[in-house]
Protein chains: 2
Amino acid sequence: MMLDERKKNILESVIKDYVETAEPVGSRAVVKKHKLKISAATVRNEMADLEEMGYLEQPHTSAGRIPSESGFRYYVDCMMEKERLCNEEIDLLYTIIQDNIQEWDKVIHHIGNFLSGVTNYASFIVVPSVKSSDFKFLQVIPIEQGKALLILVTDIGIIMHRKIDIPESIVPEDLYIIGKLFNQAFQGKKLEQINRTDLQLIRDNLKKRRQVIDTALDTIDGLVGNYDEEQVIISGALNILNQPEFKDLDKLKRILTLLEEDVLLKNVIPEPEGHEVDITIGKENIAEDIKEMSVVIAGYKSFGEMGKIGVIGPVRMEYWKAAGSVESVRSIIEDLFKLR
Amino acid sequence: MMLDERKKNILESVIKDYVETAEPVGSRAVVKKHKLKISAATVRNEMADLEEMGYLEQPHTSAGRIPSESGFRYYVDCMMEKERLCNEEIDLLYTIIQDNIQEWDKVIHHIGNFLSGVTNYASFIVVPSVKSSDFKFLQVIPIEQGKALLILVTDIGIIMHRKIDIPESIVPEDLYIIGKLFNQAFQGKKLEQINRTDLQLIRDNLKKRRQVIDTALDTIDGLVGNYDEEQVIISGALNILNQPEFKDLDKLKRILTLLEEDVLLKNVIPEPEGHEVDITIGKENIAEDIKEMSVVIAGYKSFGEMGKIGVIGPVRMEYWKAAGSVESVRSIIEDLFKLR
DNA sequence: ATTAGCACTCAATAAAAGAGAGTGCTAACA
DNA sequence: TGTTAGCACTCTCTTTTATTGAGTGCTAAT
């Protein structure tokens with residue numbers, strides 16, 4: 001439905017005020033604050049209309065209006081201008097990234113922190129599973145009597161390692177040879193395709209080596225299995241402590257628990273639909289647990305897989321800032337992946 | 001000061017009741033609940049004495065008594081019997097450890113989770129810095145054109161890695177040789193002792209290799225610097241949401257922020273004094289931020305360095321359970337280090 | 001030394017009163 | 001016909017007052 005200019009103005013005023021103060025907004029306040037050239041009475045009439053249309057609601061008869069979820073939806077769809085990061089913010093983020101570029105995990109965490117910092121909402125980043133990245137390199141390094149370290153590197157630079165037990169009789173040269181075998185056999189394969197049938201070469205090997213090869217294969221299974229699932233990085237969950245809508249301790253507890261546990265959060269994050277920033281408001285969320293939260297989310301491409309990044313906060317959210325920030329950070333991340 | 005048996009009984013009753021209910025405890029309640037063979041009036045007299053001695057206090061004249069911090073202190077020092085983990089709990093912990101034994105980081109996190117789980121308070125583990133552990137092994141692995149992965153392993157099995165840039169002209173064999181050089185030069189040295197003066201061998205090398213060696217040394221500096229500081233692992237911070245003393249949102253926010261930020265928490269953790277479990281109650285804590293919390297902490301030895309493990313919770317804490325659990329987990333950790 | 005009895009205290013809860021923000025409606029106005 | 005001033009009305013929020021009840025301290029009896 002199309003609203004006329006005046007109704008739009010009023011809706012926007014109510015939204016901006018309400019988002020800022022978390023209080024119902026009265027007709028007088030709208031006129032004053034936004035210097036409209038009409039009287040409070042007129043605004044009241046328009047507000048009554050907007051309420052009838054479902055874009056505003058009244059907590060009780062003698063209170064001001066607050067935007068309904070449909071009101072926010074209309075605003076987001078038809079009126080909102082995303083407020084992207086300013087240059088200082090972008091520079092700051094790039095600096096942070098550069099300072100930690102060698103340590104991939106850290107970079108992701110810092111990006112999360114940054115996003116929750118600029119928006120004041122909780123941020124999340126879903127890093128896609130690595131199972132379809134390529135095997136790059138494997139080595140088994142002796143570290144002490146009977147123990148060795150198995151190191152596996154993927155093409156996108158993820159390093160997994162685990163300690164394994166080896167027979168006492170194995171000497172470093174054996175391990176070197178084993179590493180070589182693996183590298184030959186698996187060069188360029190997807191991690192998920194690695195399996196023991198590829199290793200007929202086992203037959204040609206000494207029994208003790210064969211034993212290590214078996215252990216190694218088991219370990220690789222375990223490692224890949226571990227990294228098999230998407231990883232969720234959460235930052236700034238405590239930001240919700242600032243939201244008056246969560247002054248109720250029970251509610252607070254539910255949401256905080258959700259936001260602290262990556263597993264829980266993952267179940268609740270909506271799927272981004274297109275290549276745009278996607279917004280789900282309150283009850284639009286399918287997951288029961290966040291029916292009074294809003295999620296702003298964008299997908300990003302990294303080596304063929306889709307990752308997700310976004311923020312989660314109260315329905316009374318600065319959607320313009322959140323959507324703009326998520327959009328900016330998304331494109332910075334995609335840049336980053338291109339560079340690597 | 002020594003209390004007679006009856007006063008002790010009453011003090012203990014008040015403490016047990018108050019810890020459970022978080023409400024002031026009246027004379028009648030004490031008699032009833034703990035089936036003492038004396039009347040409420042007598043208890044009142046004794047309570048008045050205990051209050052004079054500073055072990056109990058009254059929120060207001062017509063309320064019951066609550067234990068003062070000195071009261072808790074007396075109880076902890078002179079009466080408490082630590083309630084160590086039961087066999088099922090110990091078995092559970094060992095199972096958890098065994099299931100993750102290959103991944104050191106995970107094990108620590110699981111221990112933290114376990115401790116906060118059994119106590120219902122926030123747990124922390126301070127892992128000592130690794131700078132005085134021994135250099136064990138270094139390798140530089142080519143991963144793509146112009147990039148290599150530097151991997152450094154210490155004697156206690158800590159694995160650090162970072163990507164480095166290398167000149168295009170370097171071939172895998174060069175890297176192999178460089179690794180060998182490092183291994184010869186640094187074998188068995190403490191990480192903190194590694195420095196470039198040990199590497200006169202640089203001179204004997206090609207210029208391009210020398211360049212890599214320099215990069216590698218810089219990287220090692222960075223890595224060791226990173227691991228230089230103690231690491232703090234926090235679990236179960238959200239447990240304080242269950243404590244009625246933190247129903248005040250501001251207080252809650254302060255404490256939660258503290259408990260979520262390892263850096264902040266580290267500044268606040270008291271030093272364990274002896275080899276015993278150490279308890280600091282409320283204002284006994286030096287750090288301003290936790291003057292209304294109590295800390296139960298124990299040191300543990302790991303390869304000559306001291307680590308710390310403990311829980312932090314409200315002054316109204318089940319000290320017997322907390323102290324016992326920390327003690328049990330401490331000895332399990334020390335066992336663990338002996339095994340490795 | 002212990003205890004029953006009782007007046008007293010004080011927070012917590014409930015009920016009543018008052019204040020204020022904001023509305024909807026009516027009637028006047030451009 | 002759309003806009004606006006005026007005003008009675010509504011309903012929450014705050015303040016005030018009353019009520020309740022748990023628990024004490026003191027006194028006097030055992």
Side-chain angles (χ1 to χ4, degrees), chain A residues 3-11 13-18 20-68 71 244-245 247-249, chain B residues 3-11 13-18 20-68 71 244-245 247-249:
Chain A
L3 296 183
D4 64 46
E5 215 45 42
R6 194 164 70 181
K7 282 201 173 56
K8 278 191 184 176
N9 273 331
I10 292 174
L11 179 57
S13 299
V14 173
I15 287 181
K16 289 274 159 106
D17 263 32
Y18 177 66
E20 190 181 333
T21 64
E23 299 288 325
V25 184
S27 51
R28 267 180 64 81
V30 169
V31 178
K32 267 200 173 170
K33 194 129 179 194
H34 299 270
K35 305 203 173 72
L36 302 188
K37 294 272 174 293
I38 48 179
S39 79
T42 312
V43 173
R44 279 202 286 282
N45 287 329
E46 295 286 42
M47 278 171 134
D49 289 353
L50 284 166
E51 183 169 356
E52 211 170 341
M53 297 183 224
Y55 295 146
L56 293 181
E57 46 195 36
Q58 258 182 317
H60 53 87
T61 46
S62 73
R65 303 301 208 291
I66 64 176
S68 67
E245 32 269 270
K247 63 183 189 305
D248 174 31
L249 267 188
Chain B
L3 295 183
D4 63 46
E5 215 44 42
R6 195 164 70 182
K7 283 200 171 59
K8 277 190 184 174
N9 273 331
I10 292 173
L11 179 57
S13 299
V14 173
I15 287 181
K16 289 276 160 103
D17 263 32
Y18 177 65
E20 190 182 332
T21 64
E23 298 289 325
V25 185
S27 51
R28 267 180 63 82
V30 169
V31 179
K32 267 199 173 170
K33 193 130 179 193
H34 299 271
K35 305 203 173 74
L36 302 188
K37 294 272 174 294
I38 48 178
S39 79
T42 313
V43 173
R44 279 203 287 281
N45 286 327
E46 295 286 43
M47 279 170 133
D49 288 353
L50 284 166
E51 183 169 359
E52 211 170 339
M53 296 184 225
Y55 295 146
L56 293 181
E57 48 194 35
Q58 259 182 317
H60 57 264
T61 46
S62 72
R65 303 299 208 292
I66 65 176
S68 68
E245 31 270 270
K247 64 184 188 306
D248 173 32
L249 266 188

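All of these numbers come straight from a predicted model, not from anything done at the bench. Chain identifiers are assigned alphabetically (A, B, ...) following the order of the sequence lines, protein sequences preceding nucleic acid strands; residue numbering begins at 1 within each chain.
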Nearest-Å distance for atom pair [atom1]/[atom2], residues [X] and [N]:
X: B:Ile66; N: D:dG23; atom1: CD1; atom2: P; result: 14 Å
X: B:His60; N: C:dC10; atom1: NE2; atom2: C1'; result: 5 Å
X: B:Glu46; N: C:dA1; atom1: CD; atom2: P; result: 11 Å
X: B:Ile10; N: C:dT2; atom1: CD1; atom2: P; result: 10 Å
X: B:Glu57; N: D:dG23; atom1: CD; atom2: C1'; result: 17 Å

Rounded to the nearest 0.5 Å, what separation is found between the [atom1] atom of [X] and the [atom2] atom of [Y]?
X: A:Arg65; Y: A:Glu57; atom1: CZ; atom2: CD; result: 10.5 Å
X: A:Asp17; Y: A:Lys33; atom1: CG; atom2: NZ; result: 4.5 Å
X: A:Thr21; Y: A:Lys16; atom1: OG1; atom2: NZ; result: 13.5 Å

- Task: Going 5' to 3' through nucleotides 21-30 of chain C, assign each nucleotide B (protein heavy atom under 4.0 Å from a base atom), S (under 4.0 Å only from sugar-phosphate atoms) or - (no protein heavy atom that close).
- Result: BSBB------
- Note on the structure: With sequence neighbours left out, the residues meeting side-chain contact (heavy atoms from CB on, under 4.5 Å) with B:Lys8 are B:Met2, B:Leu3, B:Glu5, B:Tyr74, B:Met79
- Inter-axis angle, terminal five-pair segments of the helix from C:dA1-D:dT30 to C:dA30-D:dT1 [nearest 10°]: 20°
- Item | Pairs where residues 35-46 of chain A contributes a residue and the test side-chain hydrogen bond (donor to acceptor under 3.5 Å, both in side chains) is met, not counting sequence neighbours | A:Arg6-A:Glu46, A:Lys7-A:Glu46, A:Ser27-A:Arg44, A:Ser39-A:Thr42
- Task: Check salt bridge (Lys or Arg N to Asp or Glu O under 4.0 Å) between B:Glu245 and all other residues, then give those that pass, not counting sequence neighbours.
- Result: B:Arg316
- A:Glu23: salt bridge (Lys or Arg N to Asp or Glu O under 4.0 Å) partners, not counting sequence neighbours: none
- Query: Can you name the one residue among B:Val14, B:Asp49, B:Leu50, B:Ile15 that meets side-chain contact (heavy atoms from CB on, under 4.5 Å) with B:Tyr55?
  - Reply: B:Leu50
